[in-house]
Each structure stands twice: as C-alpha cells, then as structure tokens.
Visitor: 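Please see the structure below; I have some questions.
Please read these numbers as outputs of a predicted model, since none were measured by experiment. In what follows, every chain begins at residue 1, and chains take the letters A, B, ... in the order their sequences are listed.
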Amino acid sequence: MTGSIVGQLVLKDLYLTRWIAAGTMLAGLIALAIAPLGSTAFYVGSVSFVCVQIVLIVFLVTVGVVQEKKDKALLFILSLPVSTTQYTFAKMAANFIAYIVPWLLLTATCLAIIFASDIPDGMMPAVTAISLYFLCYYCVLLAVAIATESATWIPVVIVIGNVLINFFIPLVFRLPSGANLSSGSSTWGLDILAVLALEIALSAAALAIGFLAQTRKKNFV
Amino acid sequence: MSECVVEFNGVNKAYRFFELRDVNLRLEAGQIMGLVGPNGAGKSTTIRILMALVQQDGGTVRVLGHSMPDDQAAAKRGVGFVSEDMGLYGGETLAWHMHFIARVYPSWDPDYARLLQRRFNLRPEQPIKGLSHGERVKAALLLVLARRPRLLVLDEPTTGLDPVARHEILNELMEVLSDERRAVLFSSHHTQDVEQISDQITFMDRGRIIDSSDKETFLERWRRIQLDVPTGIVLPMLPGVIDVQTDGRLAVATTNAYAPGLDAAYVRAGAVVREVQRMTLEEIFVANVMSSRKEVA
C-alpha cells in the first residue's frame, strides 16, 4: 500500500496538471516551428518560446503546489494513509515529471530545429544553457513553493527568475564558446560546460533543500 | 478491557500565542467522544496532532495502536477525517474524488457510497466548486464513510451549516454510529450536536482539558440550586459548589458534584431550597469554562 499511495498521488497530480503540460508543449512547438521562417519570425518565435517556458514553470508550481494549499485540499490529501515525507516526495516527483517531459521535448525540438534549419549550429551551447536556466528556475521555484508555501517568497522568486533571464541570455551569448553565430558547428568549451554544470548542480541542490526543509517541518497545516 | 483507539499522554504543543498543555485523552473502540470548547480552546490543534498534521512538542500519541507521528501512514489507514475547513479539488467532480479514494482504500464500499450519495442528494458529475458549503461537507463525509474507517475524526463538521444540512449530517452520523466497533471523536462548539451523538464528553478551554466524563455522569453531577437566603444568614462554602450568585435574598448555587446532602447542608445553614434544577450540556459547558478560568486566575 505504501508504494501504491505514492503512485496514486503522483498520478493524481499528473492528471490535475495535464492541460498545463499539454498546452504549453503545443504552444512551445508552435513557437519553435515559427522560428526558422525568417528574421522577424525568429524573433517572434524565440520570444514566444521564452514566454511559454515561463508560463509552464509558473503555472505548474502554482496549480500543482500553491493551489492545493489555497483550496485546503492539502488537509484532504494529508488525511490519507501517507506520511509527510511520502506526500512531499510524491508532490515533488509528480510536479517534476509534469515539467521535465515538456522541457525535454521542447529542448530537444529546439536543438533539432537549429541542427536542421539555416540557424547556425554554433547557437546550440547557448540554447542548451538557456534551457537549463529554465530548469534551474523551475527547481528553485518548486523548492521555495514546497518549503515555504509563502505568498511573499513565491512571487519574489518568479520576479527574480524573469528578470535574470534578461541578463543571462546576453551573458551566455558573449561566452567564447556560448554561441558561434558564423560557425556551422557548435563548440562545447570549458566555459559553457562550467555554466551547464553549475545549472544542473543548482537545480539538484534546490530540489534537495526543498525536500529536506519540508520533511523536517513540525507543522504541515 | 476495550481496545484503546486514541491515547494522548501528557501532550504539549506551543505556538507563539497559544499553548496546548498536558493533554491526556483516551478513546476506546465503540465510544463516541465529543470534544467541546470555545473558539481557540485547542480542539483543532488536538485533532491535528492526532492526524499528524501537526507534531507535538512533548508527550506521546497513539492512534489505533500506532505511534504518531512516526507511524502515521499505517495509523491513517483506519482513520476517516473530516474538518470544517477541509477542501476538495474544486475543478474535479465528486465522482472523480470517489474513484481516487476507491483506488487508495481497498475497503471502499461502492454500494454504500451510492446510498450516501442519494441520502445527501449529491450529484457525482457536479464539480466540487459548484457545491454549497453544506454539500461540500456532505461530499467529504461520503468520501470518508464509504471506506468504513475504524476511527472517525470530525473537526467541527456542522459549523456554518444551515439547520437542514446539519440535521441531515447528524442523522447520518447517528446511523453510522450504530456500528459498535467504530470510535468517533467529534469536536464542536455546538453543545446540542455533541449532546445528540456523544456518549463521552471532554471540555477544553485555553489549551487544557478541564473536564472529561461520560455524558450521563455530567448531567447527573451538575445542578443549579435556587435558594432563599433570609437576612443575616451567610451561605457556607460547601465542597463541590463552584459558584454562588446572589441577588438580594435570592441565591443560585452551581455544583459539579451534586448529592442530596447538599440541599440539607444549605437548609441546616438557614437557607430555603426553592428548586434544584438539572442543567443542559450547554449550561454545564459554560459553567465549567467559567469555573476553570476563575481557578486559573
């Protein structure tokens, strides 16, 4: 029963967030399909793609975590035969799956379009770093939402995440191996690899801290 | 000896502006305990500790033989919990919630669920957000009752309900309670509701249990004695008398340990006993709280 209750909670959350994941996947694919159609289309497609990534992150965390607390459905779920650790694990796992599937699909599609179209392949490292920025942003927001359930801290993280992307994109494009716009092949230098490693480490650390902080709480409601 | 389904021993919990102090509670299989107290008495905190939603700072809690909060998942398999402020998923239907609960609990009884659905006049295809408060409480109760828990924990389930919804819910509970193996812990500040369904009553105030006994003992022990006190007569301080209110020659003594000897003691002191009145549970509750507050002060 222990294994199955976690499974049921994960399935329940995937069901509740299915439209967000499906909708943003579709919107993201449309944005990516537009991008190779010309310079204006590239701009529109890129900006739309960034917006879709942000919508996916904010909606998933809001609907999956914050709304449950706001609707007081948390009391209902915690009355089921589940420990607080199992609940936290199920909640984070379901939300992560709901995010990572569209994220992987959109990132892979984006790289495939760069590879297959006239867009320079040299952009691949920068695009990968930008995609990982969104993963990192999502993990930090999820961790903060899980650990604090705070109506103050969650918007603060959203604002910081949305502002920082404006600095991060030019930064990775300026890295020596970030984006070689004239090259037909991408260069995965140490600089960009360090950025990718830092993003992955930050994402993992955020999830671990969020999980530990929540499971050590003495008061769940 | 009956099986103990809930046991609190010396439980404490401190918040910044509220403290639950030395709560000792015992509920046996088949018993229906009403937890009565004013707002802020600590009823919900006690129930949340029982459900491991809040962890106690000190003391031990055992539910259905399991230590809380360490073994909460196993304990909660046999517990059905409904709270006045419990929400369901607003965008989903009652039918969706029923399927979800049926997958979690092998003990789910679909026939009983359908019966409750008809009795409560609930439409399974209706989204929860379209239900009234009363219908939401009934829906939550249906989701709990149809899995036939050994322990039912109800935290102010009738608060905010109209008289008809309250009547329907209490009637259903009365029927459920005919199962003598099931224990129920029912918190409320509606003493009428508690009096109707409980056989054990525990009064709480300001984070403490101030009195706990079976309902009949409460009703037998508590009396209000109306006295005529002639000028010059001073009423003696008698054991068990917790309050005496005087207005000219009239005096009203409230006792929590009534015995016929008490009337005689007043007569011996020179007073005339005009009437000995039984008290309602609400009157007992208020007198108990006021007496407890006087003691603490």
Visitor: Which bit of B:Ile128 is near chain A, if near means a heavy-atom gap under 4.5 Å: side chain, backbone, both or neither?
Guide: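 No part of it gets close to chain A.
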Visitor: Looking at chain B, which one of A:Tyr87, A:Phe220, A:Phe76 has the largest number of heavy-atom pairs inside 4.5 Å, strictly under?
Guide: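 Highest number of pairs under 4.5 Å: A:Phe76.
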Visitor: Is it true that A:Gln53 and A:Tyr137 share a donor-acceptor pair across their side chains at a distance under 3.5 Å?
Guide: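 Per modelled atom types, A:Tyr137 and A:Gln53 side chains form no pair under 3.5 Å.
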Visitor: Need one label for A:Ile77: side chain, backbone, both or neither, based on atoms under 4.5 Å from any heavy atom in chain B.
Guide: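 Contact with chain B involves the side chain of A:Ile77 alone.
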Visitor: With a 4.5 angstrom heavy-atom cut-off, is it the side chain or the backbone of B:Lys129 that approaches chain A, or both, or neither?
Guide: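 Neither the backbone nor the side chain of B:Lys129 comes within 4.5 Å of chain A.
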Visitor: Would a distance-only check, ignoring hydrogens and angles, find a side-chain to backbone donor-acceptor pair under 3.5 Å from A:Gln8 to A:Lys12?
Guide: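 Answer holds: no.
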Visitor: Would one find more than 12 heavy atoms of other residues, nucleotides or ligands at under 6.0 Å from atom OH of B:Tyr112?
Guide: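 Yes, OH of B:Tyr112 has more than 12 neighbouring heavy atoms, counting only those of other groups under 6.0 Å.
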Visitor: Where on B:Ile49 is there a heavy atom nearer than 4.5 Å to chain A: the side chain, the backbone, both, or neither?
Guide: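 Answer is neither: B:Ile49 stays 4.5 Å or more from chain A.
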Visitor: side-chain contact (heavy atoms from CB on, under 4.5 Å), that's the test. Do A:Phe96 and A:Trp103 meet it? Break it down for me.
Guide: CA-CA 10 Å; A:Phe96 189 75; A:Trp103 181 85; over 6 Å; no
Visitor: Considering only heavy atoms and a distance below 4.5 Å, find which of A:Asp71, A:Thr84, A:Val82, A:Leu74 pairs most often with chain B.
Guide: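 So the answer, after comparing A:Asp71, A:Thr84, A:Val82, A:Leu74, is A:Val82.
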Visitor: Looking at A:Lys217, I'd like to know if its NZ atom is crowded, meaning that more than 12 non-hydrogen atoms belonging to other residues, nucleotides or ligands lie closer than 6.0 Å.
Guide: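 It does: A:Lys217 NZ has more than 12 such atoms within range.
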Visitor: Any idea which of B:Val79, B:Leu53, B:Asp70 has the most non-hydrogen atom pairs under 4.5 angstrom with chain A?
Guide: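 Sorted descending by pairs with chain A, the first entry is B:Leu53.
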Visitor: What part of A:Tyr15 is in contact with chain B, defined as an atom under 4.5 angstrom from a non-hydrogen atom: side chain, backbone, both or neither?
Guide: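 Side chain only.
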Visitor: Do B:His189 and B:Glu156 have side-chain N/O donor and acceptor atoms under 3.5 Å apart?
Guide: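 On atom types as modelled, these side chains qualify, holding a pair under 3.5 Å.
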Visitor: Relative to chain A, which of B:Met51, B:His97, B:Arg103 shows the most heavy atom pairs under 4.5 Å?
Guide: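 Of the options given, most contacts go to B:Arg103.
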Visitor: Between B:Asp109 (side chain only) and B:Ala146 (backbone N and O only), is there a donor and an acceptor less than 3.5 Å apart?
Guide: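 Checking the backbone N and O of B:Ala146 against the side chain of B:Asp109, no donor-acceptor pair under 3.5 Å is found.
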